[in-house]
Protein chains: 2
Amino acid sequence: MGAFYQDEDRHYVALDCIIFGFDAGELKLLLLKRKFEPAKGEWSLMGGFLKNYESLDEGARRILLQLTGLTNIYMEQLQSYGDVNRDPGERTISIAFYALIKVDENDRKLAEAHGAHWISINKVPTLIFDHNKMVEKALKTLRNKIVTKPIGFELLSEKFTLPQLQSLYEAINQEQLDKRNFRKRILETGLLDKMDEKEKGSSKKGAFYYMFNKEKYRMFAEMGFHFQMKVKKDALIKMNT
Amino acid sequence: MGAFYQDEDRHYVALDCIIFGFDAGELKLLLLKRKFEPAKGEWSLMGGFLKNYESLDEGARRILLQLTGLTNIYMEQLQSYGDVNRDPGERTISIAFYALIKVDENDRKLAEAHGAHWISINKVPTLIFDHNKMVEKALKTLRNKIVTKPIGFELLSEKFTLPQLQSLYEAINQEQLDKRNFRKRILETGLLDKMDEKEKGSSKKGAFYYMFNKEKYRMFAEMGFHFQMKVKKDALIKMNT
DNA sequence: AATTTAAGTGTTTTTAATACACTTCACACG
DNA sequence: CGTGTGAAGTGTATTAAAAACACTTAAATT
């Protein structure tokens, strides 16, 4: 069996971040036009190597901080990628994370200094290595997750209106929703607190601000309840007859 | 910025496998009583180090082959684990996979030679490192996945009866299902082919064998249809009034 | 005062999920 | 050989959830 730990079994471990934002009614990604080698000038996700003193999450947060200047970011591990030749330089394992950030709060200056740009999810360019695959998977995961977990709020400012929230769901799932059904369902969760203030940017009447009540959600999640914000029903297989 | 690839950034990458089986009406895990150091005598998942010539999937399949002698195993990546001190020996990243195998086909001799045992999911002992966390996550993932993907069949022999299939769903989700509703729903997918033959082991009347039609499923999945084998409805949050 | 524009509001219809009980088959046993 | 036994197999009625649908309100603008 030989020595248990063998040096040749060590690998580079990269952490790559798929960073989602919501802006101007569109779901966007923060992508990098690389300013350095390798692959200078090409588009990629923000990434970096895992250090021996940090956990995977810590490493991913370090990388997000570098690019955005933000610390309290919603982030989830997506999936690991390890094809032998995925990185043409050295054999590198990549562990992908996705993050949801509030674009307004984001330090755009810092992002720009790294050559980062917000790109609509519908216009993602060809990225280096297997990064497009990661983006695809992250988007799929986000679409699934947003219907069972109250994470949409991570993409909006703390105060948001129902039309904004609906437009977010529509942008993520690429489908129109009925206003009445949407409001009914989201409000009957009881997780939104209505503010007195109105948002006046997009209409004369103005739409009331709401806030997501994290504390209420925490309580009810603990009691075994599940958030559920159904979108359209999938067609089922029914092939008899 | 210094050299791009730095030796100190290299890490051990382990692959750990959560192996599910279904036997005697119970969902089980193939666990190892370790016959060698480190942690000799303790229970663990089957695992090994990633080699530099193999992808993550290939590595996981190599490990599954070692323990079970099987090659065509259903397997999915679960999640990576990278806390700095998760392995008390060396800093090791672990990428966990879960697998579904048909216990009957499994070479029990080979498994036993490795000190492997089938343990009911309800009686999982304390495992080394963070392996219990992996098992928890795998179980949750399996429970979610089995309602939207036709993977239950991977745990049964090629030919199976509807009572067997129902009992599998009941074991995984730990709940009783109505026989009539279950049969109705699974049959109306049109994905099961009825055989002429009957299984006589567990009743005088005998239950007809069925087979999952992979080809039909592939076609309809390509057309954008989704498998859906709903179990009980989760309680939704409704906390108004 | 009239016009404009998006916000806000309930009810009906349709579809899917659930609950529920008897019959059939084939073997075993007297 | 016919009667009992035990699991397999089958259909309908009820309930609950999702979807479809159109008008009113608020506030700013001219």
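Here is the naming used below: chain letters follow the sequence lines, and residue numbers restart at 1 for every chain.
Only one option out of A:L142, A:I73, A:I19, A:I18 pairs with A:L100 in a side-chain contact (heavy atoms from CB on, under 4.5 Å); it is A:L142.
Taking the six-membered ring where the residue is Trp, A:F153 and A:F212 present parallel rings, their angle staying beneath 30° rather than reaching 60°. In this pair, B:F20 and B:Y98 present their aromatic rings perpendicular. The plane angle is above 60°, beyond the 30 to 60° band.
The CD-P distance, from B:E188 to D:dG9, rounds to 18 Å in whole Å. If you measure from atom CZ of B:R185 to atom P of C:dT15, you get 19 Å, rounded to the nearest angstrom. Counting to the nearest Å, the C1' atom of D:dC21 and the CD atom of A:Q176 are 16 Å from each other. C:dA7 atom C1' lies 14 Å from atom CZ of A:F182, rounded to whole Å. Rounded to a whole Å, the NZ atom of A:K200 is 15 Å from the C1' atom of C:dT4. If you measure from atom CD1 of A:I186 to atom P of D:dA18, you get 13 Å, rounded to the nearest angstrom. As a whole-Å value, the separation of A:Y210 OH from C:dA7 P is 12 Å. B:Q166 places its CD atom 14 Å from the C1' atom of D:dT10, with the value rounded to the nearest Å.
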Could you write out each protein N or O paired with an N or O of nucleotides 6-8 of chain D at a distance under 3.5 Å?
residue : atom : partner : partner atom : Å
D:dA8   : N7   : B:K179  : NZ           : 3.4
D:dA8   : N3   : B:K205  : NZ           : 3.0

Identify the pairs formed between an N or O of the protein and an N or O of nucleotides 10-13 of chain C at a distance under 3.5 Å, and give each distance.
residue : atom : partner : partner atom : Å
C:dT11  : O4   : A:K184  : NZ           : 3.1

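Side-chain rings of A:H117 and A:W43 approach one another, their centers coming within less than 6.0 Å.
The OG atom of B:S94 sits 8.0 Å away from the CG atom of B:L45 when rounded to the nearest 0.5 Å.
B:N122 and B:Q174 form a side-chain donor-acceptor contact under 3.5 Å, judged by distance and modelled atom types alone.
The salt bridge (Lys or Arg N to Asp or Glu O under 4.0 Å) search around B:K28 returns B:D23, not counting sequence neighbours.
A salt bridge is defined here as a Lys NZ or Arg NE, NH1 or NH2 lying under 4.0 Å from an Asp or Glu carboxylate O, and B:R218 with B:E222 meets this definition.
Heavy atoms from other residues, nucleotides or ligands lying under 6.0 Å from NZ of A:K140 number 12 at most.
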